[in-house]
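Take a look at the structure set out below.
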Amino acid sequence: MTKQKITRKASDNQYLHKDFHIAFNYSLDYLRKNMGEGAVKEYLAQFTLTYFAPLKQSILTNGLLALKEHYEKIYKIENAEYRMQFSETELIIHLLASPAVMHIKNNGHPVSPLFRESVSTVNKVICQDTAYESEVLAYHEENGAYRLRFFKR
Amino acid sequence: MISCTEFIPAYSELFKYLEGKQGKSALIDFWDYLSDIFLTNLKDDVLKNGIKGCWIYWGKTLEEEAADFTMELDEGAGEFSITMHRCPSKGRLLEYKHLEPYRDYCEHCDVLYRRILEPLGYTYILDRSQTDEAQCHLSIKSNNPNKDDILPEQTESKHR
(Lines give C-alpha, C1' and ligand atoms only; values in the text may rest on other atoms or scores of the structure.)
Protein backbone atom coordinates (compact mmCIF):
# COMPACT_ATOMS: atom_id res chain seq x y z
CA MET A 1 0.00 0.00 0.00
CA THR A 2 1.76 3.10 -1.15
CA LYS A 3 1.39 6.81 -0.49
CA GLN A 4 2.18 9.09 -3.39
CA LYS A 5 2.10 12.84 -3.92
CA ILE A 6 2.93 14.97 -6.94
CA THR A 7 2.73 18.67 -7.67
CA ARG A 8 2.78 20.06 -11.20
CA LYS A 9 2.81 23.60 -12.50
CA ALA A 10 1.09 24.60 -15.73
CA SER A 11 4.49 25.37 -17.24
CA ASP A 12 5.62 21.76 -16.69
CA ASN A 13 3.48 20.47 -19.58
CA GLN A 14 2.15 21.45 -23.00
CA TYR A 15 -1.60 22.08 -23.19
CA LEU A 16 -2.73 19.38 -25.62
CA HIS A 17 -5.46 17.08 -24.37
CA LYS A 18 -6.51 15.30 -27.55
CA ASP A 19 -9.36 13.45 -25.85
CA PHE A 20 -11.21 16.77 -26.01
CA HIS A 21 -11.75 15.90 -29.70
CA ILE A 22 -13.71 12.87 -28.53
CA ALA A 23 -15.79 14.93 -26.11
CA PHE A 24 -16.51 17.49 -28.84
CA ASN A 25 -17.55 14.71 -31.21
CA TYR A 26 -19.98 13.30 -28.64
CA SER A 27 -21.28 16.80 -27.94
CA LEU A 28 -22.26 17.20 -31.58
CA ASP A 29 -23.73 13.72 -31.68
CA TYR A 30 -25.80 14.33 -28.56
CA LEU A 31 -27.32 17.38 -30.24
CA ARG A 32 -27.92 15.47 -33.46
CA LYS A 33 -29.67 12.59 -31.74
CA ASN A 34 -31.75 14.65 -29.32
CA MET A 35 -32.45 17.87 -31.17
CA GLY A 36 -31.65 17.22 -34.82
CA GLU A 37 -29.27 18.50 -37.48
CA GLY A 38 -30.61 22.04 -37.21
CA ALA A 39 -29.55 22.21 -33.56
CA VAL A 40 -25.99 21.13 -34.43
CA LYS A 41 -25.71 23.93 -36.97
CA GLU A 42 -27.39 26.45 -34.70
CA TYR A 43 -25.12 25.61 -31.77
CA LEU A 44 -21.98 25.74 -33.92
CA ALA A 45 -23.08 29.11 -35.30
CA GLN A 46 -23.68 30.45 -31.78
CA PHE A 47 -20.30 29.16 -30.59
CA THR A 48 -18.52 30.58 -33.65
CA LEU A 49 -20.10 34.03 -33.33
CA THR A 50 -18.99 34.20 -29.71
CA TYR A 51 -15.62 32.48 -29.62
CA PHE A 52 -14.32 33.56 -33.03
CA ALA A 53 -15.38 37.21 -32.67
CA PRO A 54 -11.73 38.35 -32.50
CA LEU A 55 -10.89 36.33 -35.64
CA LYS A 56 -13.84 37.86 -37.49
CA GLN A 57 -12.63 41.29 -36.44
CA SER A 58 -9.15 40.46 -37.69
CA ILE A 59 -10.57 39.39 -41.08
CA LEU A 60 -12.21 42.80 -41.41
CA THR A 61 -8.81 44.40 -40.86
CA ASN A 62 -6.37 41.96 -42.44
CA GLY A 63 -8.46 39.97 -44.91
CA LEU A 64 -7.57 36.40 -45.75
CA LEU A 65 -4.21 36.72 -44.04
CA ALA A 66 -6.07 36.48 -40.71
CA LEU A 67 -7.56 33.12 -41.71
CA LYS A 68 -4.26 31.86 -43.06
CA GLU A 69 -2.46 32.69 -39.82
CA HIS A 70 -5.25 31.27 -37.69
CA TYR A 71 -5.19 27.88 -39.42
CA GLU A 72 -1.40 27.76 -39.57
CA LYS A 73 -1.40 28.16 -35.79
CA ILE A 74 -4.10 25.52 -35.22
CA TYR A 75 -2.49 22.97 -37.54
CA LYS A 76 0.90 23.50 -35.89
CA ILE A 77 -0.58 22.86 -32.44
CA GLU A 78 -2.28 19.71 -33.73
CA ASN A 79 0.75 18.62 -35.76
CA ALA A 80 -1.42 18.41 -38.88
CA GLU A 81 -0.19 17.88 -42.41
CA TYR A 82 -1.60 20.43 -44.84
CA ARG A 83 -1.05 22.53 -47.95
CA MET A 84 -2.11 26.13 -48.54
CA GLN A 85 -2.50 28.30 -51.62
CA PHE A 86 -2.79 31.93 -50.69
CA SER A 87 -3.46 35.18 -52.55
CA GLU A 88 -5.21 38.42 -51.62
CA THR A 89 -8.50 37.13 -53.00
CA GLU A 90 -8.36 33.40 -52.34
CA LEU A 91 -7.12 30.94 -49.75
CA ILE A 92 -7.32 27.22 -50.41
CA ILE A 93 -6.49 24.84 -47.57
CA HIS A 94 -5.90 21.15 -48.13
CA LEU A 95 -5.84 19.28 -44.83
CA LEU A 96 -4.44 15.84 -45.61
CA ALA A 97 -5.99 14.16 -42.55
CA SER A 98 -7.85 15.67 -39.63
CA PRO A 99 -6.00 15.11 -36.33
CA ALA A 100 -9.41 15.35 -34.64
CA VAL A 101 -11.06 12.63 -36.73
CA MET A 102 -8.01 10.39 -36.57
CA HIS A 103 -7.78 10.68 -32.77
CA ILE A 104 -11.47 9.88 -32.38
CA LYS A 105 -11.22 6.85 -34.68
CA ASN A 106 -7.90 5.60 -33.34
CA ASN A 107 -9.43 5.48 -29.86
CA GLY A 108 -12.32 3.36 -31.04
CA HIS A 109 -15.08 5.96 -31.07
CA PRO A 110 -17.54 6.44 -33.94
CA VAL A 111 -17.31 9.81 -35.66
CA SER A 112 -20.57 11.74 -35.68
CA PRO A 113 -22.17 11.91 -39.14
CA LEU A 114 -22.32 15.69 -38.63
CA PHE A 115 -18.71 16.17 -37.56
CA ARG A 116 -18.03 17.81 -40.92
CA GLU A 117 -20.20 20.73 -39.75
CA SER A 118 -17.30 21.72 -37.51
CA VAL A 119 -15.62 22.65 -40.78
CA SER A 120 -18.47 23.81 -43.03
CA THR A 121 -20.76 25.65 -40.59
CA VAL A 122 -17.96 27.11 -38.51
CA ASN A 123 -16.09 28.59 -41.47
CA LYS A 124 -19.29 29.82 -43.09
CA VAL A 125 -20.18 31.71 -39.92
CA ILE A 126 -16.63 33.00 -39.49
CA CYS A 127 -17.01 34.63 -42.91
CA GLN A 128 -20.47 36.10 -42.24
CA ASP A 129 -20.49 39.92 -42.39
CA THR A 130 -17.00 40.00 -43.91
CA ALA A 131 -15.95 40.46 -47.54
CA TYR A 132 -15.28 36.74 -47.86
CA GLU A 133 -17.09 33.43 -48.19
CA SER A 134 -16.06 29.84 -47.59
CA GLU A 135 -16.91 26.60 -49.30
CA VAL A 136 -15.91 23.01 -48.62
CA LEU A 137 -14.63 21.67 -51.95
CA ALA A 138 -14.11 18.13 -50.68
CA TYR A 139 -14.53 16.27 -47.40
CA HIS A 140 -13.46 12.70 -46.71
CA GLU A 141 -15.38 10.97 -43.94
CA GLU A 142 -12.75 8.27 -43.41
CA ASN A 143 -10.01 10.60 -42.17
CA GLY A 144 -11.62 14.05 -42.04
CA ALA A 145 -9.38 15.37 -44.83
CA TYR A 146 -10.78 18.39 -46.59
CA ARG A 147 -10.20 21.05 -49.19
CA LEU A 148 -11.54 24.35 -47.97
CA ARG A 149 -11.73 27.51 -50.05
CA PHE A 150 -12.07 31.08 -48.83
CA PHE A 151 -12.67 33.71 -51.48
CA LYS A 152 -13.71 37.31 -51.95
CA ARG A 153 -17.44 37.74 -52.59
CA MET B 1 -11.19 22.22 -37.81
CA ILE B 2 -11.73 23.00 -34.18
CA SER B 3 -8.55 22.34 -32.22
CA CYS B 4 -8.68 20.42 -28.96
CA THR B 5 -7.26 23.63 -27.46
CA GLU B 6 -10.55 25.33 -28.43
CA PHE B 7 -12.80 22.71 -26.87
CA ILE B 8 -13.34 24.35 -23.48
CA PRO B 9 -15.08 27.47 -24.87
CA ALA B 10 -17.07 25.20 -27.20
CA TYR B 11 -18.10 23.12 -24.18
CA SER B 12 -19.08 26.15 -22.11
CA GLU B 13 -21.11 27.56 -25.01
CA LEU B 14 -22.86 24.20 -25.39
CA PHE B 15 -23.97 24.37 -21.74
CA LYS B 16 -25.53 27.76 -22.46
CA TYR B 17 -27.15 26.51 -25.66
CA LEU B 18 -28.69 23.42 -24.08
CA GLU B 19 -29.97 25.22 -21.01
CA GLY B 20 -31.31 28.06 -23.14
CA LYS B 21 -33.18 25.69 -25.44
CA GLN B 22 -34.46 23.00 -23.09
CA GLY B 23 -33.63 24.01 -19.52
CA LYS B 24 -31.25 22.70 -16.88
CA SER B 25 -32.60 19.16 -17.07
CA ALA B 26 -31.37 18.89 -20.68
CA LEU B 27 -27.92 19.97 -19.59
CA ILE B 28 -27.84 17.37 -16.81
CA ASP B 29 -29.02 14.77 -19.32
CA PHE B 30 -26.12 15.71 -21.61
CA TRP B 31 -23.60 15.43 -18.78
CA ASP B 32 -24.98 11.99 -17.88
CA TYR B 33 -24.68 10.94 -21.53
CA LEU B 34 -21.11 12.21 -21.78
CA SER B 35 -20.14 10.50 -18.52
CA ASP B 36 -21.51 7.16 -19.72
CA ILE B 37 -20.05 7.27 -23.22
CA PHE B 38 -16.81 9.21 -22.76
CA LEU B 39 -15.46 8.44 -19.27
CA THR B 40 -15.20 4.72 -19.81
CA ASN B 41 -11.42 5.01 -19.35
CA LEU B 42 -11.85 6.32 -15.78
CA LYS B 43 -14.25 3.51 -15.02
CA ASP B 44 -11.88 0.93 -16.51
CA ASP B 45 -8.89 2.32 -14.58
CA VAL B 46 -10.77 2.16 -11.26
CA LEU B 47 -12.25 -1.27 -11.92
CA LYS B 48 -8.78 -2.57 -12.69
CA ASN B 49 -6.73 -0.73 -10.06
CA GLY B 50 -9.10 0.37 -7.29
CA ILE B 51 -8.44 3.83 -5.83
CA LYS B 52 -5.10 3.89 -7.67
CA GLY B 53 -7.13 4.03 -10.89
CA CYS B 54 -7.97 7.64 -9.99
CA TRP B 55 -4.26 8.41 -9.71
CA ILE B 56 -3.64 6.81 -13.12
CA TYR B 57 -6.57 8.52 -14.83
CA TRP B 58 -6.07 12.04 -13.52
CA GLY B 59 -2.29 11.78 -13.72
CA LYS B 60 -2.59 11.50 -17.49
CA THR B 61 -5.39 13.96 -18.12
CA LEU B 62 -4.13 16.74 -15.86
CA GLU B 63 -0.66 16.58 -17.36
CA GLU B 64 -2.13 16.77 -20.89
CA GLU B 65 -4.25 19.71 -19.75
CA ALA B 66 -1.17 21.41 -18.27
CA ALA B 67 -2.91 21.88 -14.95
CA ASP B 68 -1.39 23.46 -11.85
CA PHE B 69 -2.21 20.90 -9.18
CA THR B 70 -1.19 18.66 -6.28
CA MET B 71 -2.41 15.06 -6.38
CA GLU B 72 -2.22 12.63 -3.44
CA LEU B 73 -2.88 8.94 -3.12
CA ASP B 74 -3.04 6.82 0.03
CA GLU B 75 -3.83 3.31 -1.12
CA GLY B 76 -3.96 1.88 2.41
CA ALA B 77 -6.61 4.38 3.49
CA GLY B 78 -8.36 4.16 0.11
CA GLU B 79 -8.07 7.91 -0.40
CA PHE B 80 -7.23 10.09 -3.36
CA SER B 81 -7.30 13.87 -3.67
CA ILE B 82 -6.60 16.67 -6.10
CA THR B 83 -5.91 20.21 -4.96
CA MET B 84 -6.36 22.30 -8.08
CA HIS B 85 -4.29 25.43 -7.71
CA ARG B 86 -5.25 26.69 -11.18
CA CYS B 87 -7.72 24.75 -13.30
CA PRO B 88 -6.65 24.97 -16.95
CA SER B 89 -10.24 24.93 -18.21
CA LYS B 90 -11.86 27.43 -15.86
CA GLY B 91 -8.68 29.47 -15.87
CA ARG B 92 -8.85 29.84 -19.64
CA LEU B 93 -12.53 30.73 -19.57
CA LEU B 94 -11.83 33.46 -17.02
CA GLU B 95 -9.03 34.85 -19.19
CA TYR B 96 -11.17 35.31 -22.31
CA LYS B 97 -12.26 38.93 -22.55
CA HIS B 98 -14.84 38.31 -25.26
CA LEU B 99 -16.91 35.51 -23.79
CA GLU B 100 -18.71 34.82 -20.56
CA PRO B 101 -18.34 31.29 -19.13
CA TYR B 102 -21.47 29.29 -18.39
CA ARG B 103 -22.61 30.51 -14.96
CA ASP B 104 -21.74 27.26 -13.15
CA TYR B 105 -19.22 25.79 -15.54
CA CYS B 106 -17.53 23.60 -12.90
CA GLU B 107 -20.74 21.78 -12.04
CA HIS B 108 -20.06 19.34 -14.88
CA CYS B 109 -17.07 17.97 -12.93
CA ASP B 110 -19.39 17.17 -10.04
CA VAL B 111 -21.88 15.35 -12.24
CA LEU B 112 -19.63 13.48 -14.70
CA TYR B 113 -17.13 11.91 -12.29
CA ARG B 114 -19.56 11.32 -9.42
CA ARG B 115 -21.70 9.28 -11.81
CA ILE B 116 -18.76 6.96 -12.48
CA LEU B 117 -17.30 6.65 -8.98
CA GLU B 118 -20.25 6.41 -6.58
CA PRO B 119 -21.65 3.21 -8.13
CA LEU B 120 -18.16 1.70 -7.80
CA GLY B 121 -18.18 2.24 -4.03
CA TYR B 122 -16.48 5.59 -3.58
CA THR B 123 -17.49 8.79 -1.82
CA TYR B 124 -16.98 11.76 -4.10
CA ILE B 125 -16.57 15.20 -2.53
CA LEU B 126 -15.87 18.24 -4.72
CA ASP B 127 -15.39 21.60 -3.04
CA ARG B 128 -16.36 24.19 -5.65
CA SER B 129 -16.35 27.19 -3.31
CA GLN B 130 -13.34 28.79 -5.05
CA THR B 131 -14.04 28.06 -8.69
CA ASP B 132 -14.31 31.81 -9.37
CA GLU B 133 -10.54 31.72 -8.91
CA ALA B 134 -10.17 28.52 -10.96
CA GLN B 135 -9.44 26.53 -7.80
CA CYS B 136 -11.14 23.49 -6.33
CA HIS B 137 -10.48 20.48 -4.14
CA LEU B 138 -11.54 16.93 -4.98
CA SER B 139 -11.56 14.12 -2.44
CA ILE B 140 -12.39 10.52 -3.32
CA LYS B 141 -12.61 7.87 -0.60
CA SER B 142 -13.29 4.20 -0.82
CA ASN B 143 -16.39 3.27 1.18
CA ASN B 144 -14.60 0.09 2.19
CA PRO B 145 -10.85 0.73 2.17
CA ASN B 146 -9.98 -2.68 3.59
CA LYS B 147 -11.49 -4.28 0.53
CA ASP B 148 -10.20 -1.71 -1.94
CA ASP B 149 -7.06 -3.75 -2.54
CA ILE B 150 -9.21 -6.69 -3.59
CA LEU B 151 -9.80 -5.54 -7.12
CA PRO B 152 -12.98 -6.38 -8.98
CA GLU B 153 -11.01 -8.47 -11.50
CA GLN B 154 -9.58 -10.57 -8.63
CA THR B 155 -12.98 -10.87 -6.98
CA GLU B 156 -14.43 -11.99 -10.27
CA SER B 157 -11.78 -14.67 -10.76
CA LYS B 158 -12.33 -16.01 -7.20
CA HIS B 159 -15.94 -16.68 -8.07
CA ARG B 160 -15.07 -18.77 -11.08
Side-chain angles (χ1 to χ4, degrees), chain A residues 1-31 33-35 39 42-44 46-48 50-54 57 71 73-75 77-78 80 93 95 98-101 103 107 109 118-119 122-123 144 146 148, chain B residues 1-14 16-18 20-22 26 29-30 33-34 37-41 52 55 59-81 83 85-86 88-89 91-92 96-100 145 148-149:
Chain A
M1 292 295 110
T2 57
K3 286 187 182 183
Q4 297 183 71
K5 180 176 179 178
I6 59 165
T7 294
R8 293 283 184 272
K9 293 192 178 302
S11 55
D12 292 338
N13 293 292
Q14 183 196 0
Y15 180 60
L16 192 70
H17 185 45
K18 290 213 164 197
D19 282 359
F20 281 157
H21 287 306
I22 300 169
F24 184 62
N25 175 60
Y26 281 128
S27 299
L28 298 185
D29 219 41
Y30 176 86
L31 285 175
K33 287 173 179 166
N34 291 279
M35 297 166 71
E42 187 179 51
Y43 154 67
L44 285 172
Q46 181 179 304
F47 160 64
T48 301
T50 307
Y51 177 68
F52 289 113
Q57 192 59 42
Y71 279 110
K73 182 181 161 193
I74 292 301
Y75 296 151
I77 289 169
E78 295 276 356
I93 298 173
L95 183 67
S98 162
V101 168
H103 184 78
N107 283 276
H109 299 275
S118 63
V119 179
V122 167
N123 286 294
Y146 57 72
L148 177 64
Chain B
M1 190 186 86
I2 303 294
S3 168
C4 61
T5 59
E6 297 168 321
F7 171 69
I8 295 304
Y11 198 40
S12 175
E13 289 300 307
L14 178 61
K16 291 185 201 172
Y17 180 82
L18 282 169
K21 285 285 174 186
Q22 296 189 338
D29 184 66
F30 166 67
Y33 163 84
L34 198 59
I37 204 161
F38 175 56
L39 291 183
T40 50
N41 45 358
K52 193 177 180 182
W55 175 271
K60 178 177 185 289
T61 60
L62 292 182
E63 293 218 354
E64 289 181 358
E65 292 182 56
D68 197 325
F69 67 100
T70 297
M71 202 166 76
E72 295 179 74
L73 172 70
D74 184 340
E75 282 189 87
E79 294 179 1
F80 170 80
S81 71
T83 303
H85 309 298
R86 179 77 178 169
S89 299
R92 273 181 170 72
Y96 292 125
K97 303 293 181 209
H98 64 288
L99 63 84
E100 186 77 19
D148 196 60
D149 56 331

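Quick caveat: nothing in here was measured; it's all calculated off a predicted structure.
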Quick one: salt bridge (charged side-chain N to carboxylate O under 4.0 Å, His left out) pairs with a partner in residues 10-30 of chain A, sequence neighbours left out? A/Lys18-A/Glu78, A/Asp29-A/Arg32, A/Asp29-A/Lys33
Name the orientation class of the two ring planes belonging to A/Tyr26 and B/Tyr33 (parallel below 30°, tilted from 30 to 60°, perpendicular beyond 60°). perpendicular
Could you tell me whether the side chain of A/Leu95 reaches within less than 4.5 Å of the side chain of B/Met1, counting heavy atoms only? yes
Under 4.5 Å to a heavy atom of chain B? For A/Leu31 that would be side chain
Are A/Tyr51 and B/Glu6 side-chain neighbours, meaning at least one heavy-atom pair lies under 4.5 Å? yes
Interchain contact, B/Ala10 with chain A, by part (heavy-atom threshold 4.5 Å): both
Pair count under 4.5 Å, heavy atoms only, with chain A: among B/Thr83, B/Ile2, B/Leu14, highest is B/Leu14
Set out, in order, the CA-CA distance, both residues' side-chain angles and the distance that settles side chain to side chain contact (heavy atoms under 4.5 Å, CB included) for B/Leu18 and A/Met35, then state yes or no. CA-CA 10 Å; B/Leu18 282 169; A/Met35 297 166 71; 3.8 Å; yes
Under 4.5 Å from any heavy atom of chain A, what part of B/Ile8 do you find: side chain, backbone, both or neither? side chain
With a 4.5 angstrom heavy-atom cut-off, is it the side chain or the backbone of B/Tyr96 that approaches chain A, or both, or neither? side chain
For B/Asn41, is it the side chain, the backbone, both or neither that has a heavy atom under 4.5 Å from a heavy atom of chain A? side chain
Using non-hydrogen atoms only, which part of B/Lys97 is less than 4.5 Å away from chain A: side chain, backbone, both, or neither? neither
How far apart are the C-alpha atoms of A/His21 and B/Cys4, what are their side-chain angles, what is the distance that settles it, and do they pass the side chain to side chain contact (heavy atoms under 4.5 Å, CB included) test? CA-CA 6 Å; A/His21 287 306; B/Cys4 61; 3.6 Å; yes
Atom pair CZ/NE2 of B/Phe38 and A/His109 - distance to nearest 0.5 Å: 7.0 Å
In terms of heavy-atom pairs under 4.5 Å with chain B, which of A/Ile6, A/Thr48, A/Asn34 leads? A/Ile6
Max heavy-atom pairs within cutoff under 4.5 Å with chain A, candidates B/Leu62, B/Leu34, B/Asp29, goes to B/Asp29
Contact origin within A/Ala80 toward chain B - heavy atom pairs under 4.5 Å: neither
Fit a plane to each ring of B/Phe7 and A/Phe24, take the angle between them on a 0 to 90° scale, and name the class: parallel (under 30°), tilted (30 to 60°) or perpendicular (over 60°). perpendicular
Which atoms of B/Gln22 come close to chain A, meaning under 4.5 Å heavy atom to heavy atom: side chain ones, backbone ones, both, or neither? side chain
Are A/Arg8 and B/Met71 packed together at the side-chain level, in the sense that at least one heavy-atom pair is separated by less than 4.5 angstrom? no
Counting only heavy atoms not in A/Gln4 (residues, nucleotides, ligands), do more than 12 fall under 6.0 Å from its CD? yes
Cut-off 4.5 Å, heavy atoms of chain B, and the answer for A/His103 is neither
Note: vs chain B, highest number of non-hydrogen pairs under 4.5 angstrom among A/Ser11, A/Gly144, A/Pro54, A/Ala100 is A/Pro54
Interchain contact, A/Ile77 with chain B, by part (heavy-atom threshold 4.5 Å): side chain
Measure the spacing between NE2 of B/His98 and OG1 of A/Thr50 and express it to the nearest 0.5 Å. 8.0 Å
Output, in order, the C-alpha distance, side-chain angles, deciding distance and verdict of side chain to side chain contact (heavy atoms under 4.5 Å, CB included) for A/Ser27 and B/Phe30. CA-CA 8 Å; A/Ser27 299; B/Phe30 166 67; 3.5 Å; yes
Contacts of B/Arg92 that satisfy salt bridge (charged side-chain N to carboxylate O under 4.0 Å, His left out) - sequence neighbours left out: none
Which distance, rounded to the nearest 0.5 Å, do you find between the CG of B/Leu73 and the NZ of A/Lys5? 13.0 Å
Heavy-atom pair count under 4.5 Å with chain A, highest-scoring of B/Lys16, B/Glu79, B/Glu63: B/Glu63
